[in-house]
There are 2 protein chains.
Amino acid sequence: MDVAREVGVHVGTVSRALNPATRSRVNAETAARIIDVARRLGYEVNIAGRALRTQRTQTIGALIPDLTNPLFPRIVRGVEDSLEKAGYTALIASTDNNAQRERRMIAALLSRQVDGFLIASARLEDQALEEIAQDGVPVVVLNRTSANARTSAVIADDPQGIADVMAHLVALGHERIAHVAGPGDTSTGQARLLAFEAALDRYGLKHRSELVVRAEAYSIAAGTRCMRDLFKRGKPFTAVVAGNDLLALGVLDALKENRIPCPERVSVVGFNDIDFAERMSPALTTVRVPTYELGARGAELLLDMIYREREISTVTLPVTLMIRESTAPPPLQGTGLFGL
Amino acid sequence: MDVAREVGVHVGTVSRALNPATRSRVNAETAARIIDVARRLGYEVNIAGRALRTQRTQTIGALIPDLTNPLFPRIVRGVEDSLEKAGYTALIASTDNNAQRERRMIAALLSRQVDGFLIASARLEDQALEEIAQDGVPVVVLNRTSANARTSAVIADDPQGIADVMAHLVALGHERIAHVAGPGDTSTGQARLLAFEAALDRYGLKHRSELVVRAEAYSIAAGTRCMRDLFKRGKPFTAVVAGNDLLALGVLDALKENRIPCPERVSVVGFNDIDFAERMSPALTTVRVPTYELGARGAELLLDMIYREREISTVTLPVTLMIRESTAPPPLQGTGLFGL
DNA sequence: CTGTTAGCGCGTTCAT
DNA sequence: ATGAACGCGCTAACAG
């Protein structure tokens with residue numbers, strides 16, 4: 001270490017002087033000199049070396065299903081900001097919600113000795129996740145719950161969001177409401193479907209299984225496919241609650257295919273309030289999820305687990321219904337879809 | 001290393017067996033046994049340890065201005081896919097095109113001994129970049145050029161894109177075309193402005209400095225501000241070429257504020273063809289940039305530089321004009337903006 | 001307060 | 001083909 005040579009002290013002293021936590025144990029004056037020389041020489045600690053010794057890489061792994069879904073960049077941003085305060089950095093990996101790719105990425109991150117994992121992948125029953133937690137590496141899941149008792153979670157209040165949506169639709173006069181549910185193996189898909197059914201009960205609306213379709217993925221294409229399915233069944237409806245915004249966009253596409261105007265004949269609502277949702281045509285009514293906070297809180301929780309071995313916890317963030325152009329009162333009787 | 005103990009060989013042998021590059025130098029049978037045991041024990045090489053020895057972390061740093069701009073997730077995706085093939089991983093950092101944050105991130109990445117940098121930050125005169133290259137760490141810049149002779153670059157064919165845009169507008173009959181240019185300290189901002197002016201000459205159109213405004217950032221808000229500026233100047237125009245899609249969205253907002261219909265009275269065109277551009281209202285006419293390829297090629301170039309100390313090069317990718325709803329013929333004389 | 005020593009996990013070199 | 005020894009950069013622990 002040439003800083004040591006330059007100042008004329010031992011490397012150990014330099015190490016202590018440069019680490020804020022141990023700086024107090026070295027003469028203030030020499031410390032100042034060391035810091036000065038280090039800066040002048042452009043010295044940066046080698047985190048790989050430190051990691052070898054401390055077993056801490058100051059790096060966490062973030063598993064994101066798809067950065068292309070506007071939901072996630074905001075989450076990542078929250079994560080980054082929280083981590084940076086602690087001198088941490090995130091290694092980001094896209095998984096496509098593909099189990100195999102997920103395993104590969106986890107292996108890659110594990111071999112880089114990440115200090116913890118932030119997992120926004122939606123799949124419910126990850127044995128991969130199980131393995132990590134068993135290894136003793138802290139895990140926080142984002143925007144999903146986990147069956148695993150050893151992971152913390154930060155989630156949005158999905159039941160409340162769906163409840164707000166349903167209250168809005170019922171207030172507008174809708175009675176035949178369809179649901180394009182998210183994938184069954186995701187916790188959000190399940191939670192939102194449950195909340196949908198609970199709302200049906202609350203308002204004394206009939207459960208019609210023909211009005212519920214499950215998407216196989218959270219994507220625009222899947223939303224369109226589900227909607228085509230719904231049309232084939234030929235059962236009347238005046239509103240569609242989509243599992244998330246991408247599904248809602250797919251629903252709108254299918255509506256357009258069939259020249260069914262939204263919101264005049266069918267209302268559509270999404271979930272998440274992705275960027276640009278308000279600029280779509282029609283501007284999408286949806287539930288805003290505080291994505292930045294979701295990431296920020298998740299990162300804080302993880303740092304807590306790393307440093308203070310804090311107990312496991314689940315944080316639920318409030319959501320807000322954003323009413324825009326894609327919802328309106330249902331058409332008059334006799335003028336609706338399928339002669340409703 | 002407990003794998004060694006389990007198999008009954010020396011750690012050196014295990015190391016050789018587990019490293020594909022040196023596997024040939026060990027008995028095939030023992031190698032197989034070692035690999036088997038390693039898998040059974042869930043052993044993963046510690047990249048930090050290897051890095052210390054080899055000075056290679058198999059990790060590169062990616063500086064992205066803003067993941068929230070839909071342009072970048074696609075680039076990142078291309079980067080990831082190319083890197084993964086080589087066993088590399090990307091450390092992603094958002095910079096906000098903020099010089100100070102950029103330095104902090106570079107320091108953080110440098111201390112993690114990244115093997116190279118992929119820089120999509122747009123700012124032109126980075127001394128930070130200069131320093132990195134001087135350190136001998138390979139750098140590839142993405143979607144921008146660099147004054148630095150030691151960095152490779154992958155860029156889109158901006159001049160061609162703007163030329164196509166102008167040909168389209170002129171063919172529609174536009175003669176008074178405004179330009180909301182990108183920031184002057186970005187290479188894209190400069191290149192597109194130059195191409196805009198060249199096209200003016202090509203079609204014998206007058207240069208009107210009052211019809212050119214410079215944005216201070218690539219953002220929606222900046223686009224709106226520029227447009228308000230343009231209105232204040234009171235000079236007539238029938239089309240606006242925006243420096244990128246976000247600026248174009250800001251331009252559309254300003255038009256809406258003033259109840260000026262697009263494309264009936266003013267045509268607007270963007271650049272990049274971000275996701276959802278075709279779902280906006282009106283659907284945005286813009287220039288598609290092959291973002292995934294941009295990232296993928298950039299990563300390949302960087303790996304080449306790391307492994308083969310390849311010479312510096314610049315790759316230019318072709319672009320495509322996407323004609324949608326935001327462009328149309330100009331209004332008839334006398335009905336246009338400012339009495340045009 | 002500071003110097004010394006040892007060892008984190010790996011790859012390399014030299015010996016066998 | 002394999003074992004032994006060393007050192008990469010750093011910090012914890014101990015000695016002074």
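A quick note: this is a predicted structure, and the numbers were derived from the prediction, not measured. Every chain is numbered from 1, with letters handed out A, B, ... down the list of sequences.
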Base, backbone or nothing for each nucleotide of nucleotides 1-7 of chain D, written B, S, -, heavy atoms under 4.0 angstrom, 5' to 3'?
SBBB--B

Does anything in residues 104-113 of chain A reach DNA chain D, meaning a heavy atom under 4.0 Å, and if so which residues?
none

Counting only side-chain heavy atoms from C-beta out, which of D/dC10, C/dC8, C/dG11 sits nearest to B/Thr54?
C/dG11

Counting just side-chain N and O atoms, does A/Arg50 come under 4.0 Å of either OP1 or OP2 of D/dG9?
no

Any Lys/Arg nitrogen of A/Lys85 or A/Asp81 sitting under 4.0 Å from an Asp/Glu carboxylate oxygen of the other?
no

Are the charged groups of A/Asp304 and A/Arg297 less than 4.0 angstrom apart, N to O?
no

Which heavy atom of B/Tyr88 sits nearest a heavy atom of B/Ile60, and at what distance?
CD2-CG2, 3.7 Å

Send over the distance from A/Tyr43 OH to D/dG9 P, rounded to a whole Å.
9 Å

A/Thr89 and A/Thr59 side chains, donor-acceptor separation under 3.5 Å:
no

Exactly one of B/Leu118, B/Leu63, B/Ile132, B/Leu302 clears side-chain contact (heavy atoms from CB on, under 4.5 Å) with B/Val139, and that residue is B/Ile132

For A/Leu52 and D/dC8, give me the distance from atom CG to atom C1', rounded to whole Å.
9 Å

Using only side-chain N and O atoms of A/Gln55, determine if any of them is under 4.0 Å from OP1 or OP2 of D/dT11.
no

I'd like to know if the side chain of B/Thr188 reaches the main chain of B/Thr186, judged simply by a donor and an acceptor atom lying under 3.5 Å from each other, with no hydrogens or angles considered.
no

Find the distance A/Arg5:CZ to D/dG9:P and express it as a whole number of Å.
12 Å

Residue whose nearest DNA chain D nucleotide is more 5′ - A/Thr22 or B/Gly49:
B/Gly49

